[in-house]
Amino acid sequence: MRKKTQLIHGGATVDKTTGAVSLPIFQASTFKQQSVGDFVYEYGRTGNPTRNGVETFIADIEQGTHGFAFASGMAAINSVMQLFHAGDHIVVTDDVYGGTYRLLTKVLSRVNIEVSFVNSANLADVQEAIQQNTKAIFIETPTNPLLKITDIKGVAAIAKQHQLLLLVDNTFSTPYWQNPLTLGADIVLHSATKYLGGHSDVIAGLVAVKDEKLAEELHFIQNGSGAILSPHDSWLLVRGMKTLGIRMEEIEQNANELANFLVKHPAVEKVYYPGLITHKGHELHKTQAAGFGGIISFAVKDEATALRVLEQTHYFTLAESLGAVESLISLPAKMTHASIPRDRRLALGIEDGLIRISVGLEDIADLIEDLTQALPQI
Ligand SMILES: Cc1ncc(COP(=O)(O)O)c(C=O)c1O
């Protein structure tokens with residue numbers, strides 16, 4: 001089955017008892033047992049048919065065997081981290097999402113989970129960071145906000161060699177363009193709040209795996225720690241995911257045109273977009289993903305110039321988040337990456353004048369006109 005068809009027919013999307021083509025919202029916390037221990041579903045935290053619908057859906061479209069739905073992307077990441085024990089060490093992409101950085105360095109550090117941040121785009125750095133107590137490698141590709149590309153197959157080979165788990169946050173690429181489980185990853189994670197939901201109306205996290213034992217452990221953690229997605233939000237997420245394919249195709253086209261417009265603009269100093277042939281990871285990305293996505297970062301002279309651009313756009317909504325139908329604009333240094341100390345941020349290349357846009361589904365001519373009037377005239 002091809003991707004667009006799978007997005008419509010994947011997962012448990014039809015209700016078996018009524019034939020309803022939209023899986024109903026089973027707003028139930030508990031389920032009647034025929035006799036003790038004789039049940040399909042037992043208790044809403046352990047399992048719910050609507051949540052199960054989105055869980056089988058993500059497993060299908062990520063080409064895994066089991067899926068798990070959580071109350072947010074961070075809840076998904078935190079739950080996966082419960083696989084590890086005090087004293088374990090994890091190698092992590094250095095410009096990982098700011099919230100993940102905060103979770104690892106300020107929350108999980110309390111229970112003695114150790115981390116090393118490396119430029120995972122450089123495989124030698126990943127190899128070098130492995131210690132005796134390393135248990136996993138956690139990467140994002142493309143990264144946020146500099147769109148750095150990591151070789152998933154290359155890191156998977158290193159993980160295999162050292163018997164480590166490979167975790168990939170696939171939020172930016174989405175399962176429509178990239179399927180890390182087929183490239184050697186063990187666990188794929190999503191902030192489903194972004195492209196999967198796609199309409200800025202649900203906070204959710206999804207995980208997919210392809211291994212029975214890992215799935216058993218994750219279900220144990222999901223049930224045991226309880227950060228589950230509600231039935232209503234599960235339904236909303238399925239509704240969004242069905243149109244992922246056409247949204248990504250259209251977003252990609254808009255993003256490509258915008259990136260090429262920005263490259264030529266005299267007030268723009270740098271443009272980061274993996275679809276540009278000048279982007280460092282362009283060729284590598286093409287070998288592991290079928291599309292480049294809708295996130296573009298670009299640098300203007302300084303913070304004051306960036307703030308003016310942010311204030312003067314009409315169609316780019318100034319907001320955190322990404323991946324929705326409307327175009328969004330943000331200043332990573334002051335917003336998504338504010339929890340990263342300035343020195344570290346600058347060392348990563350996240351300058352004060354760096355603007356990130358999440359390209360939406362508006363008419364491209366309006367988006368270009370809008371940025372033209374918002375950028376300084378030089
Ligand atoms: C790449 C990435 N991973 C994880 C998260 C966390 O997801 P959530 O906001 O749904 O908790 C985000 C949020 O922006 C993200 O961009």
Side-chain angles (χ1 to χ4, degrees), residues 3 93-97 118-127 137-158 166 168-185 188 190 194-195 244-245 247-266 268-300 322-323 327 330 332 336-337 347-351 353-360 364 367-368 371:
K3 282 268 170 76
T93 297
D94 56 8
D95 58 346
V96 74
Y97 168 62
V118 300
N119 176 7
S120 58
N122 186 355
L123 293 182
D125 288 6
V126 176
Q127 183 77 262
I137 304 172
F138 182 1
I139 62 167
E140 272 179 38
T141 179
T143 59
N144 176 18
L146 294 177
L147 292 314
K148 280 197 309 210
I149 308 298
T150 290
D151 176 355
I152 302 176
K153 273 190 185 163
V155 177
I158 297 173
L166 174 59
V168 180
D169 184 330
N170 201 28
T171 301
F172 269 41
S173 268
T174 83
Y176 187 66
W177 294 133
Q178 180 171 278
N179 296 118
L181 295 179
T182 65
L183 300 166
V188 57
H190 286 279
K194 311 293 165 10
Y195 289 106
L244 181 70
R247 283 188 285 110
M248 292 317 290
E249 295 279 359
E250 193 78 7
I251 283 173
E252 172 106 350
Q253 220 172 314
N254 278 357
N256 217 357
E257 288 197 41
L258 261 189
N260 282 298
F261 157 79
L262 288 167
V263 163
K264 291 189 211 111
H265 198 287
V268 174
E269 296 183 349
K270 283 180 216 144
V271 182
Y272 302 89
Y273 181 62
L276 293 171
I277 46 170
T278 49
H279 187 84
K280 205 169 167 208
H282 175 78
E283 288 301 327
L284 172 61
H285 186 79
K286 275 203 304 196
T287 66
Q288 57 191 20
F292 300 105
I295 307 299
I296 305 171
S297 294
F298 62 99
V300 291
L322 56 99
S327 292
S330 66
T336 44
H337 290 64
L348 291 172
I350 307 171
E351 303 162 50
L354 187 79
I355 297 172
R356 188 190 77 186
I357 53 181
S358 168
V359 182
I364 186 62
L367 295 181
I368 289 179
L371 276 184

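- The two residues I152 and L166 have their closest heavy-atom pair at O-CD2, 4.0 Å.
- The closest donor-acceptor contact from the side chain of K3 to the backbone of Y176 lies under 3.5 Å.
- In plain terms, the two heavy atoms of H279 and L146 that are nearest each other are CE1-O, 3.9 Å.
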Notebook entry, point to check: Going through the distances and angles, do Y97 and T171 end up as a side chain to side chain contact (heavy atoms under 4.5 Å, CB included)?
Noted result: CA-CA 10 Å; Y97 168 62; T171 301; over 6 Å; no
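- With hydrogens and angles disregarded, a donor-acceptor distance shorter than 3.5 Å links the side chain of N254 to the backbone of G360.
- Side-chain atoms of L322 and Y195, non-hydrogen and from C-beta on, do get closer than 4.5 Å to each other.
- There is a side-chain donor-acceptor pair under 3.5 Å between T93 and S120.
- Counting heavy atoms from C-beta on, the side chains of L284 and T287 come closer than 4.5 Å.
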Note to self: Apply side chain to side chain contact (heavy atoms under 4.5 Å, CB included) to residues V96 and D169 and explain how you reach the verdict.
What the structure shows: CA-CA 9 Å; V96 74; D169 184 330; over 6 Å; no
Next item on the list: Could you walk me through whether K270 and L354 pass the side chain to side chain contact (heavy atoms under 4.5 Å, CB included) test, one step at a time?
Entry: CA-CA 9 Å; K270 283 180 216 144; L354 187 79; over 6 Å; no
Next item on the list: Applying side chain to side chain contact (heavy atoms under 4.5 Å, CB included), run through V155 and L123 and close with a yes or a no.
Entry: CA-CA 7 Å; V155 177; L123 293 182; 3.5 Å; yes
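- In terms of heavy atoms, N170 sits closest to Q178 at ND2-O, 2.8 Å.
- Closest approach of I295 and Y273 over heavy atoms only: O-CD1, 3.3 Å.
- For the pair S297 and R356, the tightest heavy-atom approach, listed with the atom from each and the gap, is OG-CG, 3.5 Å.
- In this structure, the side chains of V268 and V263 stay at 4.5 Å or more apart for every pair of heavy atoms.
- The shortest non-hydrogen separation linking A185 to V168 is CB-CG2, 3.7 Å.
- The number of heavy-atom neighbours closer than 6.0 Å to NZ of K280, taken from other residues, nucleotides and ligands shown, is 12 or below.
- N179 places no side-chain N or O within 3.5 Å of a backbone atom of L181 that could act as its donor or acceptor partner.
- A donor-acceptor pair under 3.5 Å is absent between the side-chain atoms of Q288 and the main chain of I149, judged by distance alone.
- Every residue two or more places apart in sequence or in another chain that forms a ring pair (Phe, Tyr, Trp, His ring centres under 6.0 Å) with F261 is listed here: H265.
- Applying the ring pair (Phe, Tyr, Trp, His ring centres under 6.0 Å) test to F292 and every residue at least two apart in sequence or in another chain returns H282, H285.
- Partner of L276 under the side-chain contact (heavy atoms from CB on, under 4.5 Å) criterion, out of L147, L262, N260: N260 alone.
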